[in-house]
Protein chains: 2
Amino acid sequence: METLPGKTVERLSQYRRRLLNSLDDGKEYIFSHELAEILNITAVQVRRDLMLLGYSSVYRKGYPVRKLIEVIGKRLDSSKGQNVAIVGMGNLGTALTYYLSGLRPKLHVVASFDIDPGKIGTTVEGVKCYSVSEMKETIKSKNISIGVMTVPQASAKEVAKELVNNGIKGIFNFTHIPLTVPPDVYLEEYDMLTSLEKVAYFVKEFASLRK
Amino acid sequence: METLPGKTVERLSQYRRRLLNSLDDGKEYIFSHELAEILNITAVQVRRDLMLLGYSSVYRKGYPVRKLIEVIGKRLDSSKGQNVAIVGMGNLGTALTYYLSGLRPKLHVVASFDIDPGKIGTTVEGVKCYSVSEMKETIKSKNISIGVMTVPQASAKEVAKELVNNGIKGIFNFTHIPLTVPPDVYLEEYDMLTSLEKVAYFVKEFASLRK
DNA sequence: ATTTTAATGTGAAATAATTAACAAATTTAA
DNA sequence: TTAAATTTGTTAATTATTTCACATTAAAAT
Ligand SMILES: NC(=O)c1ccc[n+]([C@@H]2O[C@H](COP(=O)([O-])OP(=O)(O)OC[C@H]3O[C@@H](n4cnc5c(N)ncnc54)[C@H](O)[C@@H]3O)[C@@H](O)[C@H]2O)c1
Ligand SMILES: NC(=O)c1ccc[n+]([C@@H]2O[C@H](COP(=O)([O-])OP(=O)(O)OC[C@H]3O[C@@H](n4cnc5c(N)ncnc54)[C@H](O)[C@@H]3O)[C@@H](O)[C@H]2O)c1
C-alpha cells in the first residue's frame with residue numbers, strides 16, 4: 001500500500017478529529033462539503049484525500065462517520081499502538097505531557113527524560129521522569145519509538161544523537177535547532193517563533209495594503 | 001513591494017536566526033550553501049529566497065552576515081514593533097509567555113487574558129494578566145495587533161470572535177478548533193496533535209518498508 | 001416510473017514550490 | 001597577469017499540490 005503524502009496525513013488527522021466530534025453530536029453521515037466547511041478547505045480536497053485512502057462511500061448520502069473514522073485509523077495508526085517519550089520536562093515538556101496523556105488511544109506517553117535531579121523520579125499525569133542516563137534501557141524496555149524534544153537549544157543536537165543511537169525512529173523537535181538524522185528516522189520540526197514571525201509579517205503587510 | 005510567499009517568510013525567519021548565531025560565532029560572511037546546510041535545505045532555495053528579498057551580494061565571498069540580518073529585518077519586521085497578547089494563561093499559555101518574552105526585539109508580549117479570577121492580576125515575566133472583560137480597552141490602550149490563543153477548545157470560537165471584534169489583526173491559534181476570520185485578519189493555525197500523528201504514521205510506515 | 005437534483009470519484013488543468021542548469025562575475029591559484 | 005575554480009542570480013524544467021470540470025450514480029421529487 002502506498003505511503004500517503006504528508007499533507008494528506010495531516011488532513012486525515014484533522015478529518016478524524018472532526019468526525020469524532022460529529023459522532024458525539026449524533027451525526028451518522030457526513031458530506032465531503034460539510035467536512036470541508038468545518039476545516040475551511042474545499043470539498044474536492046476532502047474527496048481526493050479519501051480517494052488516496054482507497055475508501056469510497058457508495059451511497060450518496062455522505063460518508064458513514066463511524067466507518068470513516070475506522071478507515072482513517074486503520075491507515076494512520078499502528079495497530080499495536082506506539083509509545084512516546086517527552087525529553088526535557090521544563091515548561092513546554094510539562095505542558096505537553098499533560099496535554100498528550102490519554103489524548104489518543106494509540107499514542108501513549110510512557111516516559112519522560114531530564115537531567116535535572118529535581119525532576120528525575122517525579123511523575124506528571126502518571127508519566128514518570130527518568131534520568132537521561134537511563135535512556136537506553138527505558139526506551140528498550142518500554143518500547144518507545146517516538147521522542148518529543150523540549151530540551152534547551154544548547155543540548156538539542158546531542159540529545160537527538162542519543163535518541164537515535166538508542167533506537168528512536170521518530171523525533172518531534174520543538175527546539176529551534178535544525179537537526180540531521182539518518183534516513184530511517186522521521187523528523188518533524190516545529191518552530192513556534194517562526195510561525196509567530198509569519199503572523200507578524202502578514203499583519204504588517206495587510207496593514208500596509210489597506211493604506 | 002511584493003508580499004512574500006508564506007513559505008519564504010518562514011525560511012527568512014530561520015535564516016535570520018541562524019545568521020544571528022553565526023554572528024555570535026564571529027562569522028562575517030556566509031555562503032548560500034553554508035546557510036543551506038545548517039537548515040538541511042538546498043543552496044538554490046536560499047538564493048531564491050534572498051532573490052525575492054531583492055538583496056544581492058555583489059561579492060562572491062558570501063553574504064555579509066550583519067547586512068543580511070538587517071535586510072531580512074527590514075522586510076519582515078514592523079519598524080515600530082508589534083504587540084502581542086496571550087489569551088488563556090494555562091499550561092501552554094504560561095510556557096509561551098516565558099518563552100516569547102524578550103525573544104525578539106520587535107515582538108512584545110504586553111498582556112495576557114484569562115477568565116480565571118485566580119489568574120487575573122498575576123504577572124508572568126512582567127506580563128500582566130487581564131480579565132477578558134477588559135479586552136477591549138487593553139487591546140486599544142496597549143496597541144495589541146496579535147493574539148495567541150491558548151484557551152480551551154470549547155471557548156475557541158467565541159474568543160476568536162471577540163479578538164477580531166476588538167481589533168486584533170493576527171491570530172495564532174493553538175486550540176484545535178478550525179477558526180474562520182474576516183479576510184483582513186491573518187490566521188495561523190497550529191495543531192501539535194496532528195504533527196505528532198504524522199510522526200507516528202511515518203514511523204509506522206518506515207518500519208513496514210524495512211520489512 | 002420518470003425526471004430532477006445532489007454527491008461522488010477522477011482525469012485533466014492550473015497553480016505553487018522546488019530544483020536543475022548555466023551564464024556572469026569574482027576570487028584564488030598558478 | 002592569466003587561467004582555473006567558485007559563487008551568485010535567474011530562466012527554464014520539474015515536481016508537488018490543489019482545483020476544475022464533468023461523467024456517473026444514488027436519492028428525492030414529481
Ligand atoms: N516554552 C515554550 O513555550 C517553547 C515554545 C517553543 C519552543 N520552545 C523550545 O523548547 C525547548 C524547551 O523550552 P522550555 O521553555 O520548556 O525550557 P525549560 O528550560 O523550561 O525546560 C528545559 C528542560 O530540559 C531539561 N534538560 C536540559 N538539558 C537536558 C538534556 N541534555 N537532556 C534532557 N533534559 C534536559 C532541563 O532540566 C529542563 O527541565 C527550548 O529549546 C525552547 O526553545 C519552548
Ligand atoms: N498544553 C499543551 O501542551 C497544548 C498543546 C497543544 C494544544 N493545546 C491547546 O491549547 C489550549 C490550552 O491548553 P492548556 O493545556 O494550556 O489548557 P489549560 O486548561 O491549562 O489552560 C486554559 C486557560 O484558558 C483559560 N480560559 C478558559 N476560558 C477562557 C476564555 N473564555 N477566555 C480566556 N481564557 C480562558 C483558563 O482559565 C486556563 O487558564 C487547548 O485548546 C489545547 O487543546 C495545548
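All chains are named by letter (A, B, ...) in the order of the sequence lines, taking the proteins before the strands, and each is independently numbered beginning at 1. As the structure is a computational prediction, the values presented were derived from the model and not from experiment.
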Ordered by number, residues from residues 29-44 of chain B within less than 4.0 Å of DNA chain C (heavy atoms) are Thr42(B), Val44(B)

Is the backbone of Ala200(A) close enough, under 3.5 Å, to the side chain of Gln82(B) for a donor and an acceptor to pair up by distance? yes

Distance-only donor-acceptor pairs under 3.5 Å for side chains of residues 100-109 of chain B, two or more places apart:
residue	atom	partner	partner atom	Å
Ser101(B)	OG	Thr97(B)	O	2.7
Arg104(B)	NE	Glu197(A)	OE2	2.8
Lys106(B)	NZ	Ser79(B)	O	2.8
His108(B)	NE2	Pro105(B)	O	3.3

Mark yes when over 12 heavy atoms from residues, nucleotides or ligands other than Glu37(B) sit less than 6.0 Å from its CD; otherwise mark no. no

For residues 2-11 of chain B, pull every pair meeting side chain to side chain donor-acceptor pair (under 3.5 Å), keeping only residues two or more places apart or in separate chains. Lys198(A)-Glu10(B), Glu205(A)-Thr3(B), Thr8(B)-Asp49(B), Arg11(B)-Asp49(B)

Where does the angle between the aromatic ring planes of Phe202(B) and Phe206(B) fall among parallel (under 30°), tilted (30 to 60°) and perpendicular (over 60°)? perpendicular

Pull out every protein N or O sitting under 3.5 Å from an N or O of nucleotides 25-30 of chain D, one pair per line with the distance.
none

Polar-atom pairs under 3.5 Å, protein N or O versus N or O of nucleotides 12-16 of chain D: list them with distances, or write none.
residue	atom	partner	partner atom	Å
dA12(D)	N6	Arg48(B)	NH2	3.4

Taking the basic N atoms (NZ, or NE/NH1/NH2) and the acidic carboxylate oxygens, is any pair closer than 4.0 Å for Arg16(A) and Asp77(A)? yes

Partners passing side-chain hydrogen bond (donor to acceptor under 3.5 Å, both in side chains) against Glu70(A) (at least two apart in sequence or in another chain): Lys74(A)

Test side-chain hydrogen bond (donor to acceptor under 3.5 Å, both in side chains) applied to Lys27(B) - qualifying residues, sequence neighbours left out: Glu34(B)

Measure the distance from CG on Leu53(B) to P on dT8(D) and round it to the nearest whole Å. 15 Å

Rounded to whole Å, the CG-P distance (Leu12(A) to dT17(D)) equals 14 Å

Who passes ring pair (Phe, Tyr, Trp, His ring centres under 6.0 Å) against Tyr190(A), sequence neighbours left out? Tyr190(B)

Contacts of type side-chain hydrogen bond (donor to acceptor under 3.5 Å, both in side chains), residue Asn91(B), not counting sequence neighbours: none

Reading DNA chain C from 5' to 3', where do the contacts with chain B start and stop? Cut-off is 4.0 Å to heavy atoms. dT18(C) to dT27(C)

Test side chain to side chain contact (heavy atoms under 4.5 Å, CB included) applied to Thr138(B) and Lys140(B), step by step: CA-CA 5 Å; Thr138(B) 314; Lys140(B) 192 150 191 196; over 6 Å; no

Rounded to whole angstroms, how far apart are CG on Leu4(A) and C1' on dT18(D)? 17 Å

What pairs with Ser145(A) under side-chain hydrogen bond (donor to acceptor under 3.5 Å, both in side chains), at least two apart in sequence or on another chain? none

Here the side chain to side chain donor-acceptor pair (under 3.5 Å) pairs for residues 148-166 of chain A, sequence neighbours left out, are none

Nearest whole angstrom, please: distance from the P of dT19(D) to the CZ of Arg47(A). 12 Å

